[in-house]
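Worksheet: the structure to be examined is printed underneath.
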Amino acid sequence: MEFFFFQDSYAALSAMQRGLDKVVNLPTSSLVHEPNIYGRRQDKENLIALLLNRDGVKGGKKDGNLCVLPIVGMGGVGKTTLAQLVYNDPAVNLHFDMKAWVCVSKEFNVEVLTRVIISSFTKTPCIQLQLDYLQRTLKEKITGQRFLLVLDDVWNENTALWHLLRAPLYHSPLGKILVTARNEKVAKIMQTIPFYPLRCLDEEYSWELFKQVAFENQDPRENSNLLEIGRKITVKCQGLPLAIKAIGCALSFELEEKAWRDILESELWELDVGVNEV
C-alpha cells in the first residue's frame, strides 16, 4: 500500500485511487495475515458449513457430486480475505485430503490454469503443455480424493471454457471448489449451489477497522478532534474494507485536522462509479 501526504483533497483522493487500483489487481495466494478481521466471522462459519456439508444444499443444480460455491461481491469487499480464512481453517484442513489455491484473474487460459492446479495440488512443477496429458494427469491425482480448490478472482463469462477446465475435476465425487468473483453472471455459470453474496461491513465494524489502521501511528486520545472526522469519513466509505484501509492508512501519517477535513469534504466522493468498482 502506498502512503500519501496531502497537498489538496483532489490530489490526495486521486493518489489513493491509483493505490486502490494497484491493490485490487494484485495476484493473491492462500496465505493471510490479518491480525483483526472485522465482521466476517459469521460469513466464514457459513461457508465452512456449506463446504463440509456431505448432503448437498437445497436449491443447487446437480453436476455429479462436485460442489462449486462462488463468493460474489464488488472489488475490495473482502472476498479473497474470506476465502483465505476458510482455506486455512483447521476444520477445513482436517476434512480435505488435498488443497490448491489458484489466482485466475482476467486471462482464463485452460492449459495454464490446469498446469497451475496440478502444481498447487502436488507442490511440484508441471511443465507439460498438451491439454489431454494435463487433464489426464489432474484426473489421476484427484480421483478418490477429497479436494478443495480455490479459484480466486474469476472473470470468465465463457461457459465453454469453464466446462473445458472442469472436465477432469468431476472425477472426484467429494471435490469442492470455492470461487471468488465480482460478477453474478460468472458465478451462475460456475455454481452448482447458490452463490454466497458478500456484503459490505456494517458501520461499527467499519469504524473498528478504520481506527485500527488510521490511528496505528498516533494515539486517538491525543487527537480527539480527528475521531469525529474519522467517523464521518468511515461512513462515506460505505463499508468497503479496501477503501477504509486505503484511506485510513494514508491518514495515519497525517496529524493536521485540515488534511482530514479536505478528504471528508472533497467533491470526489460524489463521482459515479461502476457497480463492481471501488
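- Considering only heavy atoms from C-beta on, Pro70 stays 4.5 Å or farther from Val186 through its side chain.
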Start with the C-alpha distance between Leu251 and Ile233, add both sets of side-chain angles, then the distance that settles side chain to side chain contact (heavy atoms under 4.5 Å, CB included), and finish with yes or no. CA-CA 11 Å; Leu251 287 171; Ile233 290 174; 3.9 Å; yes
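- For the pair Leu66/Thr192, no side-chain contact is recorded, criterion being any heavy-atom separation below 4.5 Å from C-beta on.
- Contact check on Glu208 versus Arg231 returns no salt bridge, with no Lys/Arg side-chain nitrogen under 4.0 Å from an Asp/Glu carboxylate oxygen.
- Using a distance-only test at 3.5 Å, with no hydrogens or angles considered, no donor-acceptor pair links the side chain of Lys79 to the main chain of Ala181.
- Residue Val72 is not grouped with residue Val104 when hydrophobic side chains (ILVMFWY) are merged at heavy-atom distances under 4.5 angstrom, including chains of intermediate members.
- A continuous path of hydrophobic side-chain contacts links Leu227 to Leu264 [ILVMFWY only; heavy atoms under 4.5 Å].
- In this structure, Ser120 contributes its side chain and Trp101 its backbone to a donor-acceptor pair below 3.5 Å.
- No option in Leu52, Val92, Val68, Leu148 other than Leu148 meets the side-chain contact (heavy atoms from CB on, under 4.5 Å) test with Lys176.
- Closest of all the heavy-atom pairs between Cys200 and Met74 is SG-SD, 4.5 Å.
- Residues Thr114 and Leu165 meet the side-chain proximity criterion, which asks for heavy atoms closer than 4.5 Å.
- Contact check for Glu204 versus Tyr38: no side-chain heavy atoms found under the 4.5 Å cut-off.
- Closest non-hydrogen pair, Leu82 versus Arg40, comes out as CD1-O, 4.2 Å.
- A salt bridge links Glu228 to Lys232: one of the charged nitrogens lies within less than 4.0 Å of a carboxylate oxygen.
- Checking side-chain atoms of Gln135 against main-chain N and O of Leu164 turns up a donor-acceptor pair under 3.5 Å.
- In this structure a side-chain-to-backbone donor-acceptor pair under 3.5 Å is missing from Trp260 to Asn225.
- In this structure, the separation between CG on Asp152 and OG1 on Thr28 is 3.5 Å, given to the nearest 0.5 Å.
- With a 6.0 Å radius and a threshold of 12 heavy atoms from other residues, nucleotides or ligands, Glu257 has its CD atom above the threshold.
- Side chains of Met190 and Arg166 form no contact here, defined as non-hydrogen atoms less than 4.5 Å apart.
- Hydrophobic clustering (side-chain heavy atoms under 4.5 Å, transitive across Ile, Leu, Val, Met, Phe, Trp, Tyr) keeps Leu149 apart from Phe195.
- The CD atom of Gln42 sits 10.0 Å away from the CG atom of Leu47 when rounded to the nearest 0.5 Å.
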What verdict does the side chain to side chain contact (heavy atoms under 4.5 Å, CB included) test give for Thr122 and Lys141, after you've listed the backbone C-alpha separation in whole Å, the side-chain angles of each residue and the deciding distance to 0.1 Å?
CA-CA 8 Å; Thr122 63; Lys141 297 295 182 184; 3.9 Å; yes
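- The shortest distance between side-chain heavy atoms of Val77 and Leu240 falls below 4.5 Å.
- Taken from CD1 in Ile247 to CD1 in Ile263, the straight-line distance is 7.0 Å, to the nearest 0.5 Å.
- Thr234 has its side chain out of reach of Glu203: every pair of non-hydrogen atoms, C-beta onward, lies at least 4.5 Å apart.
- A perpendicular orientation is assigned to the rings of Phe147 and Phe121, their planes being inclined by more than 60° (bins at 30° and 60°).
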query = Do Phe108 and Leu113 pass the side chain to side chain contact (heavy atoms under 4.5 Å, CB included) test, and can you show the C-alpha distance, the side-chain angles, and the key distance before you say yes or no?
reply = CA-CA 7 Å; Phe108 200 89; Leu113 289 174; 3.8 Å; yes
Show your working on side chain to side chain contact (heavy atoms under 4.5 Å, CB included) between Val179 and Gln191 and close with a plain yes or no. CA-CA 9 Å; Val179 177; Gln191 69 183 25; over 6 Å; no
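- Side chain of Thr180 to backbone of Ile71: no donor-acceptor contact under 3.5 angstrom is found.
- Counting heavy atoms from C-beta outward, Leu129 and Arg115 have side chains that approach closer than 4.5 Å.
- Both Tyr170 and Leu134 are part of a single hydrophobic cluster, where members link through side-chain heavy atoms under 4.5 Å apart.
- Side-chain atoms of Ser119 do not come within 3.5 Å of backbone N or O of Val116 as any donor-acceptor pair.
- Here the NZ-CG distance, from Lys245 to Leu209, works out to 6.5 Å after rounding to the nearest 0.5 Å.
- Put simply, Tyr133 and Ile142 are part of two different groups of oily side chains (I, L, V, M, F, W, Y) that touch within less than 4.5 Å, one to the next.
- Here the shortest heavy-atom pairing between Val213 and Cys249 reads CG1-N, 3.2 Å.
- What you find for Cys103 and Pro27 is that their closest heavy atoms are SG-CA, 3.9 Å.
- The minimum heavy-atom distance linking Ala100 with Ile117 is given by the pair CB-O, 4.3 Å.
- Separating the CG atom in Leu151 from the CD1 atom in Ile177 is a distance of 6.0 Å, to the nearest 0.5 Å.
- Separation of atoms NE2 (His163) and CG (Leu161) is listed at 10.5 Å; rounding is to 0.5 Å.
- Under the 3.5 Å distance criterion, the side-chain polar atoms of Asn88 are matched with a main-chain donor or acceptor of Ser30.
- Side chain of Asn53 to backbone of Ala49: no donor-acceptor contact under 3.5 angstrom is found.
- In this structure, Glu45 places its CD atom where more than 12 heavy-atom neighbours from other residues, nucleotides or ligands lie under 6.0 Å away.
- Not a single donor-acceptor pair under 3.5 Å links the side chain of Glu111 to the backbone N or O of Gln130.
- For Lys44, the NZ atom is densely surrounded, since the number of other residues' heavy atoms within 6.0 Å is greater than 12.
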